[in-house]
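First comes the structure, then the notes that go with it.
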Amino acid sequence: MKLLFERSSEGRKQNILPPLTVSEYKFDDKLTRKVEPKLPEISEVDLGRHYTELAGETHGVNDGFYPLGSCTMKYNPRINEEMAALPGFTGLHPLQDEAFSQGAMEVIWQTGELLKEITGMDDFTMQPAAGAHGEYTGLLLIRGYHLAKGDTQRTKIIVPDSAHGTNPASATMAGFSVVSIASKEDGSVDLDALKAAVGPDTAGLMLTNPNTLGLLDPNILEITSIIHEAGGLCYYDGANLNAIMGHARPGDMGFDCVHLNLHKTFSTPHGGGGPGSGPVGCKANLAEFLPAPLVRKDGDTFKFFTPEKSMGRVRSFYGNFLVVVRALTYILTLGKEGIPEASEGAVLNANYMMYKLTGHYDMAVPGRCMHEFVMTLEELKKETGVSAMDVAKRLLDFGIHPPTMYFPLIVHEALMVEPTETESKETLDKGVEVFLKILEEAKASPDVVTGAPHNTIISRPDEVKAAREPKVRY
Ligand SMILES: *Cc1c(COP(=O)(O)O)cnc(C)c1O
């Protein structure tokens, strides 16, 4: 495919600026270019075609099924984009005075109020820019809480091995040491191991729920009470709240703080690393440590507010504000009935696919799942040489984006599938059919699968090199 610069034809400029009707402002010579920038000269129609062609080289949720587990690549309603594009939001400067920012402040406040209700928490900050950033912020709340009590020996965070990888990483970043505890055969937290791990040095526990196997832990109330009895606090990784929202609340399960991934559960397109938003909610006893500024409602006006022992800012200004606008639109569009329905759809779709594939593919933990399920291709690889990576690559030939591969780490040859609630039964059936066809191919002619993809523009790039040494210059 040609680059814009290669399509450029000299003189094919688009002079869209009207003639000057005011006197020209002369910049200081020091500030101006000596040579004109080399910009491509191309007509609008060719420009449009260029970007459409470019978009066609990748696979997005608008192209087809995108069952990427742990990421929730769901359909993002267009009305969210319309709201986020309102000039009152996009034209607002973050340093503008409170009096002229009331609408935007109301968005932050109202989203917080709704998330409080959805999670059972008492307060929220919208500052963190991603899930992992939210975890870090939540852990600083826990740290602030213990230190304010003079409790300096609580330096350890307990993290089950079924947690998302960001959990131990965030705990380390926040200055804690991590105690990892092994899961039981059925994927749940081993209560005996947990009891043995707690002590006077326990600052808290981080629970990813549903865990990375896509399972709801059956002993949550017991887990949180073991931690509380030991003097620790409980953190809920709610990145995937789409599995439980409207049905159960972390605040009712004994958790002291939680982060949500607005870009997963509450719909924002987030391919390629952004934009994200990882709001953190907490119980009243942690609220005084929240990042500043927060928005408070005072009569009919909204005011910025700094909690007494605030940790300060964790991000510039107010977080990824337009992601918050999208999330608010999503929540208000779905309403009280739609929120639980969305999680029912997510769980139903995942279980439907899991059920249809059971007996053909091996499940990491058989039985029921929540919003996603994990298969292990260890046996298939032993029998045929076809790996999880090969199956993932072959899916591309059928217009399906690969599921998450080799995650969670506790499952060998893992494929983690999350259909999301917005997919139709027809799409799920087609997905199942393709998975089964690839399984047949793996047994009959493994070369077809190990050599895949055959129909894409590039077949198997060196993914690590592409990420570490991207060529971004022409
Ligand atoms: C995605 C995810 C995270 C990390 O969120 P980012 O926005 O990528 O930082 C943390 N925990 C769980 C369970 C997740 O699925």
Side-chain angles (χ1 to χ4, degrees), residues 66-74 76 115 119 125-140 157 159-174 178 180 183 187 189 205-217 220 234-245 250 253 255 257-281 314-315 319-320 322-324 326-327 343 346-347 350 369-374 403-411 414-420 467:
Y66 203 131
L68 192 69
S70 197
C71 295
T72 317
M73 302 301 283
K74 68 164 106 192
N76 301 289
L115 294 181
T119 58
T125 169
M126 302 294 148
Q127 261 188 38
H133 196 191
E135 292 169 27
Y136 175 74
T137 307
L139 287 158
L140 292 189
I157 293 284
V159 184
D161 67 1
S162 60
H164 196 266
T166 48
N167 291 187
S170 304
T172 308
M173 287 288 287
V178 173
S180 175
S183 303
V189 172
L205 161 115
M206 295 180 87
L207 194 77
T208 299
N209 189 60
N211 65 22
T212 51
L213 293 161
L215 306 173
L216 187 80
D217 200 288
I220 290 187
C234 300
Y235 183 94
Y236 188 98
D237 180 337
N240 302 308
L241 204 77
N242 52 332
I244 67 156
M245 65 179 181
M253 302 175 196
F255 288 91
C257 52
V258 57
H259 87 263
L260 307 174
N261 279 26
L262 297 187
H263 50 291
K264 290 178 184 171
T265 302
F266 297 99
S267 81
T268 274
H270 58 279
S277 178
V280 170
V314 294
R315 193 185 181 279
N320 275 331
L322 294 175
V323 180
V324 178
R326 290 178 176 93
S343 59
V347 173
C369 63
M370 293 300 285
H371 64 301
E372 60 193 1
F373 62 95
V374 181
T404 296
M405 311 175 287
Y406 300 98
F407 181 83
L409 301 177
I410 49 177
V411 176
L415 282 183
M416 179 191 231
V417 183
E418 176 175 10
T420 76

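Ligands are counted one by one from 1 in listed order, and the atoms in each one are counted from 1 as well.
From L409, atom CG reaches atom CG of D161 across 10.0 Å, with rounding to the nearest 0.5 Å. Considering NE2 of H371 and OG1 of T72, their distance stands at 5.5 Å, rounded to 0.5 Å. Separating the CE atom in M253 from the OH atom in Y236 is a distance of 4.5 Å, to the nearest 0.5 Å.
A donor-acceptor pair under 3.5 Å is absent between the side-chain atoms of T212 and the main chain of P408, judged by distance alone.
Partner of F255 under the side-chain contact (heavy atoms from CB on, under 4.5 Å) criterion, out of D237, N209, I220: I220 alone.
Legend: residues meeting side-chain contact (heavy atoms from CB on, under 4.5 Å) with A130, ordered by chain and number and at least two apart, are H133.
Within 4.0 Å of ligand 1, the residues that place a heavy atom are S70, A130, G131, A132, E135, H164, T166, T208, D237, A239, N240, N261, H263, K264, listed by chain and number.
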